Enquirer: 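The structure's right below; bear with me while I get my questions together.
No experiment lies behind these values; they were computed from the predicted model shown.
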Amino acid sequence: IFALFNLLLSRAILAWVERWMAQRRTREILTVVFLFVALAAQLLNPAFHHYKRRLPFGLNQVTLTRVSDETVELQRALPPGLASASVLQARVNDRVAGAASIGWLLLWMLGAGGVLVVRLRAESQGENLSEAPRQESRGKERTTGRALLDFSGPLAAVFEKDLRYVLRSGPMMYALAAPLVMVFLFSSAYRGGPFSSIKLEYALPLGLMWAFVGLIRLVYNNLGGEGEGIQFYFLSPTPTHTVILGKNALHAALFAIEAALIGGMIVFRFGWPAPSVAAATLAWILFALPASLAAGNALSITMPYRANLTRMRAERGALGNAMLSMFVQLAILGVGAVVFLPFAVFGRQWLATPVLLALAAVSVAAYLRILANVDGMVEKRRESLTLELMKAR
């Protein structure tokens, strides 16, 4: 009976998994869950190293023993425990208890068979696995549906479209959440070591550097997700710089959310930073964000590649763009370090803020200059841009 239960259960699980994996949205959800589980597993290493030979997470031996005993009691009501109990009860000639264990095991077997029957019946009746909405639901959505954003215009349309792309992309959601986990991991490492006081003092700027990491793929290839849809931009009367501005507005909003979460995590774990450090960090962000967007706009037009936002893999043509975007990001970080560190060494941290604000004005001017020239840049590279973004995956 136990062998038959295992056979029916395995077939039921495989049948339902096959049904779920037939839908794209389920595949995306499972991919995100798998990636987050793999990322969360990184928390175990610092936790066990932090507690060394003691039990982690505040557990004690009494709690561990109680949980273990409750787990043993629970498994006795499950099929493996019932099968084992029926054998043991037969050895001591306890026929009533043995028959009861076998009866409960039969119920488990019938339950597994029932789950399999439900799936097989749906398959035999020719179920529809299409994810396209029905005609009547589309009509209802046209009359009662509301836009994701409650304002109109081409700028808002581009913002909403790209936001929907991000929300439906498992890899992009993972890329945005990964820096939060990494900051949490490294913040645990900042608490120890010979330079822990220096790390704690500058935890805010060190942590906010990670806020740019999750946006690299979006910022430095902001046309890559359009694919064949790039032709509609060329046919539309909307200027290209308006489209790019809408994309940049989304990138800035995502960065603000990422920076707020990372900053809140750092303040919660280490307390408020010194006012001079906080001011210099804010001034550096005002320099770094426009500089990143300006470089991203230029690279998106001169070195584009077709991006698949549903898969985490290297795309053809992405190597050159990725290397240049990495160098640009390192250069932006290096400028902040070169400006701030000399003043910090001589105890004049407040002097770094006006210097970084001056650099911020330069980066804003460079961003506006590139944004004003976007239409001409796209017009000159229209054929190559279309060719690169319409390449078959």
Side-chain angles (χ1 to χ4, degrees), residues 155 158-159 162 179 201-216 218-223 239-263 266 272-303 324-378:
L155 190 66
V158 174
F159 188 101
D162 280 25
E201 184 178 359
Y202 303 111
L204 182 62
L206 291 174
L208 287 178
M209 291 189 304
W210 287 92
F212 289 94
V213 175
L215 295 172
I216 288 179
L218 280 176
V219 171
Y220 290 90
N221 188 38
N222 54 37
L223 294 173
T240 308
H241 72 267
T242 302
V243 175
I244 298 297
L245 184 60
K247 293 176 176 292
N248 291 162
L250 174 64
H251 302 158
L254 293 176
F255 173 81
I257 295 174
E258 194 95 345
L261 293 175
I262 291 177
I266 292 174
W272 292 98
S276 58
V277 175
T281 303
L282 179 59
W284 175 76
I285 290 176
L286 295 177
F287 154 74
L289 184 58
S292 296
L293 295 178
N297 293 338
L299 285 179
S300 298
I301 298 173
T302 56
M303 299 186 66
L324 278 178
S325 61
M326 180 185 65
F327 288 140
V328 170
Q329 203 63 48
L330 290 176
I332 292 173
L333 297 176
V335 169
V338 168
V339 172
F340 184 77
L341 289 180
F343 293 108
V345 170
F346 293 101
R348 298 291 188 271
Q349 298 173 349
W350 279 109
L351 296 178
T353 302
V355 177
L356 290 172
L357 287 177
L359 292 175
V362 174
S363 68
V364 170
Y367 169 77
L368 294 177
R369 180 67 180 271
I370 292 178
L371 185 63
N373 295 330
V374 158
D375 296 280
M377 295 169 63
V378 171

Enquirer: Sequence neighbours left out, cut at 3.5 Å: what donor-acceptor pairs do the side chains of residues 355-365 make with other protein atoms?
Expert:
unit_1 : atom_1 : unit_2 : atom_2 : d
Ser363 : OG     : Phe287 : O      : 3.2
Ser363 : OG     : Ala360 : O      : 2.8

Enquirer: Does the pair Leu254 and Leu218 meet the rule for a side chain to side chain contact (heavy atoms under 4.5 Å, CB included), with working shown?
Expert: CA-CA 10 Å; Leu254 293 176; Leu218 280 176; 4.1 Å; yes
Enquirer: Roughly how far, to the nearest 0.5 Å, is the CZ atom of Phe327 from the CD1 atom of Ile332?
Expert: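 Answer rounded to 0.5 Å: 14.0 Å.
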Enquirer: What pairs of residues pass the salt bridge (Lys or Arg N to Asp or Glu O under 4.0 Å) test when at least one of them lies in residues 350-370, not counting sequence neighbours?
Expert: none
Enquirer: Ignoring hydrogens, what is the shortest heavy-atom contact between Ile262 and Gly207? Give both atom names and the distance.
Expert: CG2-O, 3.5 Å
Enquirer: Holding to side chain to side chain contact (heavy atoms under 4.5 Å, CB included), I want the full list of residues that pass it with Leu261, two or more places apart in sequence or in another chain.
Expert: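 Side chain to side chain contact (heavy atoms under 4.5 Å, CB included) check on Leu261 returns Leu180, Ile257.
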Enquirer: What is the minimum heavy-atom distance between Val158 and Val243, and which atoms define it?
Expert: CG1-O, 3.4 Å
Enquirer: Quick one: side-chain hydrogen bond (donor to acceptor under 3.5 Å, both in side chains) partners of Thr242, sequence neighbours excluded?
Expert: none
Enquirer: Could I get the full list of side chain to side chain contact (heavy atoms under 4.5 Å, CB included) partners for Thr240, not counting sequence neighbours?
Expert: Ile244, Val374, Asp375, Val378
Enquirer: For residues 278-291, which residue pairs pass the side-chain hydrogen bond (donor to acceptor under 3.5 Å, both in side chains) check, not counting sequence neighbours?
Expert: none
Enquirer: Any chance you could measure Thr302, atom OG1, to Met377, atom CE, to the nearest 0.5 Å?
Expert: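 Nearest 0.5 Å value for the OG1-CE distance: 6.0 Å.
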Enquirer: I need the Met209 CE to Leu333 CG distance, nearest 0.5 Å.
Expert: 6.0 Å
Enquirer: Working to the nearest 0.5 angstrom, can you tell me the gap between His251 NE2 and Phe159 CZ?
Expert: 9.5 Å
Enquirer: For a quick test of your reading: what N or O donor-acceptor pairs under 3.5 Å do the side chains of residues 289-298 make, sequence neighbours left out?
Expert:
unit_1 : atom_1 : unit_2 : atom_2 : d
Ser292 : OG     : Ala288 : O      : 2.9
Asn297 : OD1    : Asn222 : ND2    : 3.1
Asn297 : OD1    : Asn248 : ND2    : 3.2
Asn297 : ND2    : Asn248 : OD1    : 2.9
Asn297 : ND2    : Leu293 : O      : 3.2

Enquirer: Can you pull out every salt bridge (Lys or Arg N to Asp or Glu O under 4.0 Å) where at least one residue sits in residues 240-258? Sequence neighbours excluded, please.
Expert: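 Residue pairs passing salt bridge (Lys or Arg N to Asp or Glu O under 4.0 Å), neighbours aside: Asp162-Lys247, Glu226-Lys247.
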Enquirer: Quick one: side chain to side chain contact (heavy atoms under 4.5 Å, CB included) partners of Ala366, sequence neighbours excluded?
Expert: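 Partners of Ala366 under the side chain to side chain contact (heavy atoms under 4.5 Å, CB included) test: none.
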Enquirer: How far apart are the closest heavy atoms of Pro179 and Val213, and which atoms are they?
Expert: CG-CB, 4.4 Å
Enquirer: When rounded to the nearest 0.5 angstrom, what is the spacing between CD1 in Ile285 and CG in Leu208?
Expert: 4.5 Å
Enquirer: Applying side-chain hydrogen bond (donor to acceptor under 3.5 Å, both in side chains) as the test, list every pair that has at least one member in residues 325-343; sequence neighbours left out.
Expert: Tyr220-Gln329
